Structures are given as C-alpha cells and as structure tokens.
Amino acid sequence: MKFNQYAFCLMAAVSSHGAFSSAPAALQVAKPTTTLFTDIDSIDNNVIAVGKFGTIVTSEDGQNWAQAQTPVQSLLTAVTVKSENAAWACGHDATIVHSTDNGKTWQLQQYLPEKGKPCLDIEFIDETVGFAIGAYGMFYKTTDAGATWQSHFISDFVHPDDKEYLADLKQDDPEAYEDEIKFILPHFNRLLITDNAFYLVGEMGLVAQSTDQGLTWQKFDEFYPGSFFSVAKMAQDKTVVAGLRGNAFYKTTNSEEFYEIDIPQTATINTILPLKNKALLFANSGMVHTFDGNKVTTEQLPSGHAILSATVFKNKVIMATEKGLITWGESK
C-alpha cells in the first residue's frame with residue numbers, strides 16, 4: 001500500500017498462469033461448514049467464507065452452503081468480494097486466488113511457499129486495483145485484477161536509525177540488502193480502504209494512514225505497543241482499531257488522537273463490523289462487544305468459540321469462527 005520515493009519493487013511481476021502446478025488442491029469434505037473459518041465477506045446475492053486447508057464455501061441464502069473448488073490447501077486468511085464476477089482470497093504461502101463465478105471455482109494467481117510468509121489481508125479499490133498485505137511488511141499491488149502482482153518494500157516504516165544503514169547496504173552489497181529487508185518490517189494485519197484514505201494496522205502498535213492510495217504513509221504516534229488486528233470506519237465518522245487483549249481505540253475525522261474504548265474483557269479482538277451507527281467488535285472466547293460511539297455492551301456466544309470475522313447478509317450477521325459458521329440473529 002505504500003511505496004514512495006524510497007520504495008522499490010522487490011520482485012518481478014508474478015503471472016497468474018502456468019507457474020503454480022505444484023500447489024495441491026483443497027480436499028472436498030463432508031461437512032465443510034464446521035471447520036476453522038478465518039474470514040467472510042458478502043455482496044447482495046452471495047456470501048463467501050474461507051479458512052483451513054484452502055476451504056472456501058459459498059451461499060446464496062446464508063443457510064445452505066456449498067464447498068468451492070479451490071486450487072490450494074494453504075490456510076486462507078482473508079477474502080474480499082467486489083461483485084459476482086470478482087472475488088479474491090489470500091493466505092499462507094503468499095497464496096492469492098481469484099474467482100469470476102460467485103466463488104464457485106477459483107484460479108491461482110500467486111503461490112510462493114518458499115517465502116515462508118502468510119498473506120493476512122486482501123482488499124480492492126475496484127475490480128482492477130488491489131492490495132495484499134501480510135507478515136514482515138508483505139505488500140503486493142495489482143493493477144490488472146491480479147493477473148500480475150508486484151511486491152513493494154514500505155520504507156516509510158523503517159526505523160530512522162536503520163535508514164542510513166539500509167541505504168549504505170543497498171549500495172555496497174545489494175544481495176545482503178535484499179536479505180536484510182525481508183524481515184525488518186512489522187507484520188501488516190489489516191488494510192481498510194475508504195473513499196478518502198487507506199488505513200493500515202499491524203504489530204508493535206502500527207496504525208498508519210495514506211491519502212494517496214498507498215503511495216506514501218504516515219504513522220500515527222504510538223498509543224498502544226501491542227498488535228492491532230482490525231480497523232473499521234463507523235457511520236458517525238469514527239475510525240476504530242482493535243486487537244490484542246481486548247484493546248480498542250477510536251479517533252474522529254478531525255483529530256489525530258486515538259481514545260481508548262473501555263472494554264473490561266481481555267479477549268483478543270479479531271475483527272470490527274460497522275453496523276449502522278454502531279460497531280460490533282468480535283473477539284476470542286465468543287465475545288461480541290457493541291460500541292455505540294460512547295459506551296460498550298458485551299455478550300458472549302454460548303459456544304465460547306473464537307470469532308475471527310463477520311459480515312451482514314440478508315439482514316443477519318454471519319460469523320466465521322474457529323469451529324464453523326454461525327448466524328447471529330437479525331442485524332439491528
């Protein structure tokens with residue numbers, strides 16, 4: 001998402017055709033909706049969930065699910081759906097897959113197990129331009145719907161003390177430089193694309209904003225040293241971030257300061273779902289926090305299963321959990 005004058009392409013564009021025949025296809029199983037699901041997304045007429053061993057399931061009514069044909073067995077960690085002709089998912093082994101038929105079948109666009117890095121989120125501006133982010137500063141961009149992906153190094157997040165060292169190393173020993181930058185950046189956990197800005201959150205308290213579609217990035221002053229796993233925009237112009245040990249914060253559009261949201265439970269918050277004038281924060285141990293912009297109310301799923309993602313589909317909240325998919329009443 002950010003690759004300014006200091007940034008550069010780390011690898012050649014990766015073709016989506018013919019280079020990934022060694023990837024094992026996902027297994028078709030009897031009860032695919034009871035596995036670990038890590039992410040879920042939807043459009044008006046379809047919902048798609050992804051998870052363990054490359055499992056992808058789809059539904060047109062939120063009740064009856066079908067397992068898709070998936071070309072990998074890697075754990076899939078994120079899915080984004082732009083239309084019935086354009087959906088993408090990503091995961092471990094720097095995997096990226098693409099569907100043009102409402103998620104029924106998927107084609108491999110990238111599979112790089114030798115890198116040993118998972119992709120953790122994938123988002124698109126439209127059906128052509130998208131970004132995939134992940135561990136140790138993984139950042140890929142496509143401008144052709146994923147037919148090719150380019151990897152970029154985000155120098156904006158390099159510690160000031162390291163910039164001169166890296167500049168010298170790049171000039172004196174390019175090979176050592178390439179090795180050095182592989183693991184120097186923090187994990188990028190979630191990307192939010194809005195009309196006016198991109199937001200990126202990750203480990204070590206990383207919260208950053210870009211107002212030029214990821215060309216340059218500005219970090220917010222650290223207000224919490226732990227990892228953030230989600231970022232979302234509420235209807236009343238509040239930006240909410242949340243993560244480790246139940247820590248959550250918000251800022252208003254006209255402020256650069258984040259304020260703590262009082263959540264007494266310490267279960268890690270995995271995802272935030274904006275819902276009208278509220279935000280639902282889903283956490284481990286089946287915790288669901290409702291933030292109305294001022295205060296928080298909390299309830300817990302009877303199962304106590306960790307909730308990793310959620311979407312609103314046909315006026316109901318469908319949750320992706322560590323033990324399958326759960327429909328959670330009418331969306332309020």
Side-chain angles (χ1 to χ4, degrees), residues 1-14 90 93-94 96 110 112-123 125 129-143 148-193 196-231 239 241 243-244 247 249 251 255-258:
M1 3 164 168
K2 63 186 177 191
F3 35 98
N4 63 7
Q5 67 270 26
Y6 298 104
F8 60 94
C9 184
L10 290 182
M11 58 178 287
V14 180
C90 76
D93 302 317
I96 299 174
Q110 179 171 280
L112 304 170
E114 70 279 1
K115 289 191 172 295
K117 294 182 182 181
C119 172
L120 299 174
D121 197 13
I122 188 164
E123 297 290 343
I125 297 175
V129 179
F131 305 85
I133 64 169
Y136 298 107
M138 175 190 290
F139 181 86
Y140 290 98
K141 180 181 180 181
T142 181
T143 57
T148 57
W149 291 86
Q150 294 78 37
S151 177
H152 299 268
F153 178 69
I154 312 304
S155 63
D156 293 343
F157 297 153
V158 174
H159 191 280
D161 294 343
D162 293 329
K163 285 193 173 183
E164 184 175 352
Y165 160 70
L166 287 177
D168 292 341
L169 189 64
K170 183 179 180 181
Q171 182 175 357
D172 298 338
D173 192 341
E175 185 174 345
Y177 170 76
E178 295 289 341
D179 288 336
E180 187 72 18
I181 63 174
K182 287 179 180 177
F183 302 102
I184 199 170
L185 294 180
H187 300 332
F188 298 161
N189 293 329
R190 192 68 62 91
L191 174 66
L192 171 66
I193 295 176
N196 300 316
F198 289 8
Y199 294 89
L200 176 69
V201 299
E203 71 170 339
M204 296 188 293
L206 174 65
V207 180
Q209 174 182 294
S210 172
T211 55
D212 55 12
Q213 295 195 347
L215 292 175
T216 60
W217 289 86
Q218 301 78 43
K219 287 179 63 177
F220 289 95
D221 292 338
E222 183 182 296
F223 50 90
Y224 169 66
S227 293
F228 289 111
F229 298 120
S230 191
V231 54
T239 301
V241 298
L244 203 63
N247 284 279
F249 304 81
K251 70 176 275 310
S255 172
E256 293 297 304
E257 185 175 355
F258 278 84

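Values in this document were obtained by computation on a predicted structure and should not be read as measured data.
Rounded to the nearest 0.5 Å, atoms CD (E180) and CG (D173) are 10.5 Å apart. Going from atom CG of L112 over to atom CH2 of W149 covers 12.0 Å, rounded to the nearest 0.5 Å. One distance of note links CD of E178 with CG of L169; it measures 9.5 Å at 0.5 Å rounding. Here CD1 of I96 is found 4.5 Å from CD1 of I122. Values are rounded to the nearest 0.5 Å. Distance check, rounded to the nearest 0.5 Å: CG of L166 to NE2 of H159 gives 12.0 Å. Note: D221 CG to E256 CD = 8.5 Å, rounded to the nearest 0.5 Å.
One N or O on the side chain of E203 and one on the backbone of H187 form a donor-acceptor pair closer than 3.5 Å. Side chain of S210 to main chain of T216: a donor-acceptor pair is present (N/O by atom type, distance under 3.5 Å, no hydrogens or angles).
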For F229 and V201, what are the C-alpha separation, side-chain angles and deciding distance, and is it a side-chain contact (heavy atoms from CB on, under 4.5 Å)? CA-CA 7 Å; F229 298 120; V201 299; over 6 Å; no
Criterion side-chain contact (heavy atoms from CB on, under 4.5 Å) on F131 and D121, from CA distance to verdict: CA-CA 8 Å; F131 305 85; D121 197 13; over 6 Å; no
Residue pair Y136, K182: steps toward the side-chain contact (heavy atoms from CB on, under 4.5 Å) verdict: CA-CA 7 Å; Y136 298 107; K182 287 179 180 177; over 6 Å; no
As a quick check of understanding, evaluate side-chain contact (heavy atoms from CB on, under 4.5 Å) for Y224 and V207, giving each step before the final call. CA-CA 10 Å; Y224 169 66; V207 180; over 6 Å; no
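Contact detail for Q171 and P174: the closest heavy-atom pair is O-CD, 4.4 Å. Here the closest heavy-atom approach between residue K251 and residue E257 is recorded as CB-O, 3.3 Å. Of all heavy-atom pairs spanning S227 and N189, the tightest one is CB-ND2, 4.4 Å. A94 approaches Q110 most closely through the heavy-atom pair O-NE2, 3.0 Å. The heavy-atom pair separating P186 from M204 by the smallest distance is CB-CE, 3.5 Å. Looking at every heavy atom in both residues, T142 comes nearest to T148 through OG1-O, 2.8 Å.
Partner F228 forms a ring pair (Phe, Tyr, Trp, His ring centres under 6.0 Å) with one of F220, Y199, F223 and no other, that one being F223. Evaluated for a side-chain contact (heavy atoms from CB on, under 4.5 Å) with F198, the options E123, Q213, Q209 yield exactly one hit, Q213.
Considering only heavy atoms from C-beta on, K219 comes within 4.5 Å of L206 through its side chain. A 4.5 Å side-chain heavy-atom check between S155 and F153 finds at least one atom pair inside the cut-off.
Atom CD of E114 is surrounded by more than 12 heavy atoms from other residues, nucleotides or ligands within 6.0 Å. The environment of D161 atom CG is dense: over 12 non-hydrogen atoms of other residues, nucleotides or ligands sit within 6.0 angstrom.
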